[in-house]
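Working notes for the structure below.
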Amino acid sequence: MSQHILTAVAWPYANGPRHIGHVSGFGVPSDVFSRYQRMAGNKVLMVSGTDEHGTPIQVQADKEGVSAKELADRYNRVIAEDLTGLGLSYDLFTRTSTRNHYAVAQEIFKGLHDNGYIFPRTTMGAISPSTGRTLPDRYIEGTCPICGYDGARGDQCDNCGNQLDPIQLVNPKSRINGETPVFTETEHFMLDLPAFAEVLGSYLQGKQGEWRPNVLKFALNLLGDLQPRAISRDLDWGVPIPLDGWRDQPNKRLYVWFDAVVGYLSASIEWARRSGDPDAWRQWWQNPDARGYYFMGKDNIVFHAEIWPAMLFGYNGQGARDGRPGSLGALNVPSEVVSSEFLTMEGRKFSSSRQVVIYVRDFLARYDADALRYYIAVAGPENQDTDFTWQEFVNRNNGELVAAWGNLVNRSISMAAKNIGAIPEPGDLTDADRALLERSRNAFGPVGAELTRSRFKNAITEAFDVVRDANRYLAEQEPWKLKDDPERQKSILHVALQVVDDCKTMLTPFLPGSSNKVHAMLGGEGVWSGMPEMREVDEDGGESYPVITGSYDGAARWEHRPITPGTPLAPPVPLFKKLDPKVVDEELARLGE
RNA sequence: GGGGCGGUAGCUCAGCCGGUCAGAGCAUCGGACUCAUAAUCCGUGGGUCGUGGGUUCAAGUCCCACCCGCCCUACCA
């Protein structure tokens, strides 16, 4: 049964290039999932984009002497290029600075406001005197009033660990430019999260046994202490507040997190419009049978398991104050929130400033996308923090990707091409032949089941078990010794090629680029698994910007597919590059300290 | 300070509701093979499952405390 599946991928923040830790959290897992779901026959809509508003981008732009928009333009493009290079199959990867996004974010705000879930409140805020902008707590530092440590930040003292308010700091200073912040009354809008305690509670309870326990436990725990949360800031870079008297205020904008989570919806709407059917998004957002899967790193659980559902409930009129759905109609809340843990780099936290980092761009300049995808799938932070080391990367690449899978493909096709020149016709099959064929064919079920549950490590490990069995089969059958028994040799090679084809199919979600190569090497025609492309678009003739999109309805299906004897075979080219162990030292030398 | 997650062989990691759970891959060592990017295949050593208590007939697997690492900590005051 075909199902509509929304793959909502966390929006990378456009204040700089993204590193491999970022894409290990949201990028690769969401793409593996989406590719599998498409192969399984479901209608996938995979959306994301760059998150471009907020103070950190403004601060970075000020530092570089450019406007926030210019900075966002630059990194939007860089990030889009990188994600395309990784082969992430977005149906639409857009950005939050589009007119469409502004309109949709404002619509959600209005819907929540109309239903009474947003209210104003006067608070004390720190303002930068030179810019008039909100100075976020963590950009203020001073002397800790509790322990006297003089590098305390406005939100917390790193020395004594106490949580602070910036107004408590002795001698507060802006970390941006050293000026003394002014504490002044300012009016902001608050989202009334307590009004959703009940509906969120039953929503989350209903996910028991379905979501990863760490996500659910975390979200349930937050329920105990829901407080109204500010959804506006004193800043000129962001989405204006769509209320009379506020709309035109130059220094009031929606808090970046509020508009960012709306991006899933606005991107879906943008996608629909570009696809020629402006209402197509409704199939993923309003069809009760549709499912929405959200992928992110663990730092984002609160927004996806708590706040975004609350916003949707409020928009639908399903909180404590009831209400009615906004003009878009009632919207689906997330079916599942899939969170990754964190990747560390050679035992340390990623840090751009300390050069403890490898950017996606730099990685792809030297290594293949599938090599990184493989590493993240098999050794990434799926259930706990994991460590990326160059040694481990080289080991995995050379010992597993190249030596096990790449070599199986190469030796099988090579022998068949050399001896027969085509996919051979099998003769009578032995027990060993049938055992391997069944083993391979029967793997689709369990591997697919793991993929459905987002258990990617288990899935790829089980697929690789088949690869190992195939290598063992060849070692036992020794087809290279059967020059005087060509019929038996043909049968063996037929079996080997069939299993290579099965493995290629099962590895497609993880390794789409190399699977396409195997498809072609085995004489397959047409597109096997579609790859993303960047395209320049605009809004009604406005400024153009890049998006990632693509046609992913290739031939790939999640099923055993009989190979066709007689299909001509050419000598194969190696699937993957074997890495010189020296790259470990070279890469380590690039890291800071 | 509060909440959460993790600490399992040299390395990277699997181990849902307690009872073949002490595992996989790589690395080491020994052997086989040569079709293949010196790849593959077979065999082998190695861990008191962070520490200390407790519950139980039985605990990496549950409870408590502690140590270490990581994530979150809005609003208000």
Side-chain angles (χ1 to χ4, degrees), chain A residues 121 123-124 137 146 155-157 160-165 167-168 188 190-194 209 212-222 224-231 255 257 297-303 306-307 339 341-344 347-349 375 378-389 391-396 398-419 453 455 457-458 461-462 464-465 467-483 489 492-493 496 571-579:
Chain A
R121 179 183 281 177
T123 65
M124 290 294 285
D137 294 353
I146 297 168
D155 54 346
Q156 185 175 348
C157 174
C160 67
N162 280 297
Q163 194 177 340
L164 303 174
D165 188 270
I167 207 164
Q168 298 174 307
H188 282 296
M190 315 290 289
L191 177 64
D192 188 6
L193 285 175
R212 290 182 187 173
N214 57 337
V215 177
L216 193 60
K217 213 167 171 179
F218 186 92
L220 283 168
N221 186 262
L222 291 172
D225 188 31
L226 289 175
Q227 301 289 337
R229 186 156 177 149
I231 58 172
Y255 207 151
W257 64 259
K298 62 178 166 183
D299 53 337
N300 260 317
I301 293 176
V302 63
F303 292 110
E306 205 90 45
I307 295 176
S339 166
E341 300 292 308
F342 273 30
L343 193 71
T344 55
R348 293 185 282 174
K349 290 174 69 169
Y375 185 95
V378 77
E382 186 172 305
N383 301 309
Q384 64 174 279
D385 291 357
T386 60
D387 193 31
F388 178 94
T389 66
Q391 183 64 60
E392 182 73 3
F393 172 69
V394 170
N395 287 347
R396 295 273 188 184
N398 289 358
E400 299 175 18
L401 202 53
V402 175
W405 172 228
N407 186 236
L408 173 67
V409 172
N410 209 40
R411 66 195 304 206
S412 304
I413 297 180
S414 186
M415 269 187 281
K418 201 177 298 176
N419 292 300
R453 298 168 56 215
R455 305 283 297 215
K457 280 189 188 192
N458 286 352
T461 299
E462 287 181 27
F464 259 72
D465 284 344
V467 170
R468 293 197 174 85
D469 285 344
N471 272 321
R472 180 177 304 116
Y473 168 84
L474 285 175
E476 287 166 355
Q477 301 301 320
E478 304 181 307
W480 50 88
K481 287 185 176 171
L482 297 174
K483 297 257 192 290
Q489 187 186 51
I492 295 167
L493 292 177
V573 291
L575 258 194
F576 306 105
K577 287 197 285 273
K578 186 167 171 132
L579 299 175

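Chain letters run A, B, ... following the sequence lines, proteins first and then strands; every chain starts at 1.
- The side chain of A/Glu392 lies closest to B/G25 when the candidates are B/U34, B/G25, B/A36.
- B/G15 and B/U61 are spaced 9 Å apart, taking the C1' atom of each and rounding to whole Å.
- Side-chain atoms of A/Ala403 lie closest to B/U40 of the nucleotides B/U40, B/C70, B/C35.
- Distance from the side chain of A/Gln227 is smallest to B/C75 among B/C42, B/C75, B/U34.
- The separation between A/Arg468 atom CZ and B/A39 atom C1' is 14 Å, rounded to whole Å.
- Taking atom P on both B/G23 and B/U48, the two are 14 Å apart, rounded to the nearest angstrom.
- Straight-line distance between the P atoms of B/C76 and B/U56: roughly 50 Å, to the nearest whole Å.
- Between A/Phe342 atom CZ and B/U12 atom C1' there is a gap of 20 Å when expressed in whole angstrom units.
- The side chain of A/Arg229 lies closest to B/A74 when the candidates are B/C13, B/A74, B/C70.
- Base engagement by A/Phe576 is indicated by at least one non-hydrogen atom pair under 4.0 Å involving a base atom.
- Contact annotation for A/Pro574: base contact, defined as any heavy-atom pair under 4.0 Å involving a base atom.
- Between A/Lys418 and the phosphate of B/A36, there is a side-chain N or O to OP1/OP2 separation shorter than 4.0 Å.
- When both distances must be under 3.5 Å, the Watson-Crick or G-U wobble mate of B/G23 is B/C13.
- Listed nucleotides B/C71, B/C26, B/U37 differ in distance to A/Lys349; the shortest reach to its side chain belongs to B/C71.
- Distance A/Glu341 CD to B/G69 C1': 13 Å, rounded to the nearest Å.
- Shown here, B/C62 forms a base pair with B/G54; the pair counts as Watson-Crick or G-U wobble because both key distances fall under 3.5 Å.
- Rounded to a whole angstrom, the distance from the C1' atom of B/G52 to that of B/C71 is 27 Å.
- Taking only side-chain atoms of A/Lys457, from C-beta outward, the nucleotide of B/A36, B/C33, B/C13 with the closest atom is B/C13.
- Remark: A/Lys418 pairs with no residue by the salt bridge (Lys or Arg N to Asp or Glu O under 4.0 Å) rule, at least two apart or across chains.
- Protein atom CG of A/Asn300 is 9 Å distant from nucleotide atom P of B/C72, rounded to whole Å.
- Of the charged side-chain nitrogens involved, none lies within less than 4.0 Å of a carboxylate oxygen, so that A/Lys457 and A/Glu382 do not count as a salt-bridged pair.
- B/C49 is unpaired under the criterion used here, namely a Watson-Crick or G-U wobble arrangement in which both key atom distances are under 3.5 Å.
- Taking the C1' atoms as reference points, B/G46 lies 9 Å from B/G10, given to the whole Å.
- Here A/Thr389 lies out of heavy-atom contact (under 4.0 Å) with every strand.
- Considering A/Asp387, A/Thr389, A/Asp385 in turn, A/Asp387 is the only one that fulfils the side chain to side chain donor-acceptor pair (under 3.5 Å) rule with A/Thr344.
- Residue contacts shown for A/Asp387 are limited to sugar-phosphate atoms, with no base heavy atom under 4.0 Å away.
- Look at A/Arg455 and you'll find a side-chain N or O under 4.0 angstrom from OP1 or OP2 of B/G15.
- Taking only side-chain atoms of A/Asn458, from C-beta outward, the nucleotide of B/C72, B/A14, B/A74 with the closest atom is B/A14.
- As rounded to whole Å, 17 Å separates atom C1' of B/A14 from atom CZ of A/Phe464.
- Nucleic acid contact class of A/Glu476 (heavy atoms, under 4.0 Å, all strands): none.
- One finds no side-chain N or O of A/Arg396 lying less than 4.0 angstrom from the OP1 or OP2 phosphate oxygen of B/C26.
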Which pairs would a plain distance check flag for residues 469-476 of chain A, meaning a side-chain donor or acceptor within less than 3.5 Å of a matching protein atom at least two apart in sequence or in another chain?
residue, atom, partner, partner atom, Å
A/Asp469, OD1, A/Arg472, NH1, 2.7
A/Asp469, OD2, A/Arg439, NE, 2.4
A/Asp469, OD2, A/Arg439, NH2, 3.3
A/Asn471, OD1, A/Arg411, NH1, 2.8
A/Asn471, ND2, A/Ala404, O, 3.2
A/Tyr473, OH, A/Asp433, OD1, 2.6

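- The gap from the C1' atom of B/A22 to that of B/A14 amounts to 12 Å, rounded to the nearest Å.
- Partner assigned to B/A39 is none, using Watson-Crick or G-U wobble distances below 3.5 angstrom.
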Which is it for A/Asn458 and A/Glu462 under the side chain to side chain donor-acceptor pair (under 3.5 Å) test, yes or no, and what are the steps along the way?
CA-CA 6 Å; A/Asn458 286 352; A/Glu462 287 181 27; 5.5 Å; no
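- Among the heavy atoms of the strands, none lies under 4.0 Å from A/Leu193.
- Among B/A36, B/C33, B/C70, the nucleotide with an atom closest to any side-chain atom of A/Asn407 is B/A36.
- Nucleotide B/G60 is shown with a syn base, its glycosidic torsion being within 90° of 0.
- In this structure, A/Glu400 places its CD atom 14 Å from P of B/A39, rounding to the nearest Å.
- Comparing the C1' positions of B/U51 and B/G60 gives a spacing of 14 Å, expressed to the nearest Å.
- One finds no side-chain N or O of A/Lys578 lying less than 4.0 angstrom from the OP1 or OP2 phosphate oxygen of B/A38.
- The side chain of A/Asn471 lies closest to B/U40, out of B/U40, B/C35, B/U37.
- Nucleotides B/G2 and B/A74 place their P atoms 16 Å apart, quoted to the nearest Å.
- Rounded to whole Å, the distance from CH2 on A/Trp405 to P on B/A39 is 19 Å.
- Using a 4.0 Å heavy-atom criterion, one finds that A/Val402 contacts the bases of the nucleic acid, with or without backbone contacts as well.
- The side chain of A/Arg121 sits closest to B/C75 out of B/C13, B/C75, B/C35.
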